[in-house]
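A, B, ... follow the sequence lines: proteins, then strands. Residue 1 opens every chain.
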Number of protein chains: 2
Amino acid sequence: MARRSRLQVRPPSMVDVAKQAGVSHQTVSRVLNAPETVSPDTRRRVERVMRELGYRRNSQARALKTRSTGLIGVISQGDTDFGPARMTLAIEEAARERGYATALTVVRDASADTVEKTLDFFLSHGIDGIVVITPVPALAEAAKQLSKKTPVVIVTSGLWPADNMDVAGIDQELGARRATAHLIEAGHRSVAHIAGPMDWFDARGRVVGWRQALAVAELSAPPMVEAGGWTAESGYRAAQQIMSWGQLPDAVFAANDFLALGLIRALEERGLRVPADISVVGFDDVDAAGYFSPPLTTVRQPFEDAGRAALELLLDESHGLTQVPNFIAPELVERGSVRPAQR
Amino acid sequence: MARRSRLQVRPPSMVDVAKQAGVSHQTVSRVLNAPETVSPDTRRRVERVMRELGYRRNSQARALKTRSTGLIGVISQGDTDFGPARMTLAIEEAARERGYATALTVVRDASADTVEKTLDFFLSHGIDGIVVITPVPALAEAAKQLSKKTPVVIVTSGLWPADNMDVAGIDQELGARRATAHLIEAGHRSVAHIAGPMDWFDARGRVVGWRQALAVAELSAPPMVEAGGWTAESGYRAAQQIMSWGQLPDAVFAANDFLALGLIRALEERGLRVPADISVVGFDDVDAAGYFSPPLTTVRQPFEDAGRAALELLLDESHGLTQVPNFIAPELVERGSVRPAQR
DNA sequence: GACTTGAGTACGAATATAACC
DNA sequence: AGGTTATATTCGTACTCAAGT
């Protein structure tokens, strides 16, 4: 880094501050780490000199002594998918609030080799812990291995804590129950489901929740339709399948907003109006959901809360104490794609 | 981090390795940093002990001495927009290839205060340099201030190097010229443009390139249509505007793929077929572009190359030497949305 | 004896200098 | 002398122990 040379003036150290303030470096250290043990007089003097000199703690030296770098590693597999991307940002923000920096690594595959390399990379950079965001089982398995060498929290929605692993995420089953129950409360008796790719924990959880809500209401579940992906196109195709049934459902709970979008498009092409003829609920609450036509009733995932929960698990005393995963409750957002109950 | 205690066995240091191998720690250091100066015999012995003990360099101690942490800070504003998101991943990957870790920070706004805080955060974590990804002017201005305190590279598409700032990005004008020229070569005389939000450098660059290509072919430019965003919905609305013209254009170059998607949808609703009646070219080459109907001819942005270029600027000797920004050339991807030339 | 401050050393790697064969 | 290896010190912070008021 050649330009460095231009900047290569040694930044002021504690010793510099101490000299300038006429105290020992130890006193400067105390001003930072235990201010109450320093007389207000000296403290003010030292603090003033710090400001004058533009003193900044050297985190490398600090890390060397304390054995903690303040660096959190984040491993994510999904790159541009909505959930993982939002979760990554949420974790970054939560970490920054607590003064931690996050080092992000996006892996293309979850092979043992890739994970091993990533771990090695993180360890050699002295991270304090790792958050693994994984919507699929493969990375989760690999993450279990990691936990032998460094604290690890898994962010997912379908894994139960085991082998001392800490898990945080969003309660997909609950979200799906809420979505389905909302449709049932609106008076619908036949509620279909378009599921996401079943290798995702999220997709599986939403299926379970859908079935639970139907069972509670003592309604039978129509056949489940598995979409090939999370896109509007997949939703469009899944809709074709539903429309080929002898009897159309009253309502459809789609596993995410884009699937719902494709579904709505397909329904309208057949002259079916949403919500007049058929009600639809999505999942995620993507930015555009309020601008669909009709505006989509959906389930909002509290990524920020989940990110914060993951970080607390990683950093806090509560570590290893929880026997139940930290699954945050998502909320239903009512808009215009569900027909109000008629009575 | 409570669980830490479970792991709190001090990792082996050079001294441990040295003791075990019966040499001095200095020799161990040489094995790592200048192997050729150590006799093959001792070297092998030391290396074996390193493996046995699972020795790993302590990057904190190393950073303390060398004044380099191997950490690169990345500041990005756009969170889920296609370009910035892809660029972030590209930079992360390029950095990792070179052994650097990237600390990501996504800022919500580009106020002086936010940027100041972020810089402070990065500096206190000892980053070696910063990459600022900015599609809009505000962050770019703020980035100029940063460069006084640490090496900075700006990743963008509309800023010329100034004040010793290093800039890398993708040549938007060239991409737009290629897209437009492709339409002209196909025999189209009237090529309209749906522009993205004009506060984005990318949007502006694409407008300039579009005009340039038309000028070279001595064709006049239809009025430019500015879409309110980058979404399909914006494209759909922009299309309404175009269709209100007395005379329809032969072809439309849309500033990104989603705008193109909305445009195509609007055209087809009017009974206009793409490409039979009107040709369309997009920009970005998003994952789904090949699955649009018709498959979209578009311009692929080489994010990986640009990310690598940014990193090289930040790390390499070439620093400050380039008077011209490192703008990488995007490529046209021909698919099915442009009518082949008829002669 | 409270309260405040200082001296000295450890953390682990890098390196200049010195010593060895 | 030339090829290797060893000794001693440095980086900046944290913390123990001791000393001063």
Compile the donor-acceptor pairs under 3.5 Å between side chains in residues 36-44 of chain B and protein atoms, sequence neighbours left out, one pair per line.
unit_1   : atom_1 : unit_2   : atom_2 : d
Thr37(B) : OG1    : Ala34(B) : O      : 2.8
Ser39(B) : OG     : Thr42(B) : N      : 3.4
Ser39(B) : OG     : Thr42(B) : OG1    : 2.3
Thr42(B) : OG1    : Ser39(B) : O      : 3.1
Arg43(B) : NH1    : Pro35(B) : O      : 2.8

Just verifying a value: how many Å separate Thr102(A) OG1 and Arg96(A) CZ, rounded to the nearest 0.5 Å? 8.0 Å
Is Val15(B) touching bases, backbone alone, or none of the nucleic acid, heavy atoms closer than 4.0 Å? nothing
Thinking salt bridges, do Arg108(B) and Glu93(A) make one under a 4.0 Å N-O criterion? yes
To the nearest angstrom, how far is Asn33(A) atom CG from dT13(D) atom P? 10 Å
With a 4.0 Å cut-off on N to O distance, would you call Glu304(A) and Arg308(A) a salt bridge? no
Closest to the Thr66(A) side chain, choosing from dT5(D), dA14(D), dG12(D): dA14(D)
Between C1' of dG12(D) and CZ of Arg67(B), the distance in whole Å: 9 Å
Separation between CD1 of Ile91(B) and CG of Leu314(B), rounded to the nearest 0.5 Å: 9.5 Å
Measure the distance from CD on Gln26(A) to P on dG12(D) and round it to the nearest whole Å. 17 Å
Atom-pair distance (NE2 on His25(B); C1' on dT7(D)), nearest Å: 7 Å
Taking atom types as modelled, find out whether Arg57(A) and Asn33(A) have a side-chain donor-acceptor pair closer than 3.5 angstrom. yes
Return the CD1 to OG1 distance between Ile127(A) and Thr105(A), rounded to the nearest 0.5 Å. 10.0 Å
Heavy-atom nearest nucleotide on DNA chain C for Arg62(B) versus Arg30(B): which residue maps closer to 5'? Arg62(B)
If the threshold is 4.0 Å, N to carboxylate O, is there a salt bridge linking Arg67(A) and Asp128(A)? no
Rounded off to whole Å, could you give me the CG-to-C1' distance for the Leu64(B) and dA14(D) pair? 13 Å
Any N or O donor-acceptor pair under 3.5 Å from the base of dA14(D) to the side chain of Arg57(A)? no
Can you tell me how far apart CE (Met87(B)) and CG (Leu89(B)) are? Round to the nearest 0.5 Å. 11.0 Å
What is the nucleic acid contact for Ser13(A), judged by heavy atoms within less than 4.0 Å: base, sugar-phosphate only, or nothing? sugar-phosphate
Could you state the CE-C1' distance from Met14(B) to dA6(D), rounded to the nearest angstrom? 15 Å
Which two nucleotides bound the region of DNA chain C that has atoms under 4.0 Å from heavy atoms of chain B, read 5' to 3'? dG12(C) to dA16(C)
Within residues 38-49 of chain A, which residues have any heavy atom lying less than 4.0 Å from an atom of DNA chain C? Val38(A), Ser39(A), Thr42(A)
For dC15(D), take OP1 and OP2 only and decide whether either is under 4.0 Å from a side-chain N or O of Ser29(A). no
For Lys65(B) and for Val23(B), locate the closest nucleotide of DNA chain D by heavy-atom distance; then report the residue assigned to the nucleotide nearer the 5' terminus. Val23(B)
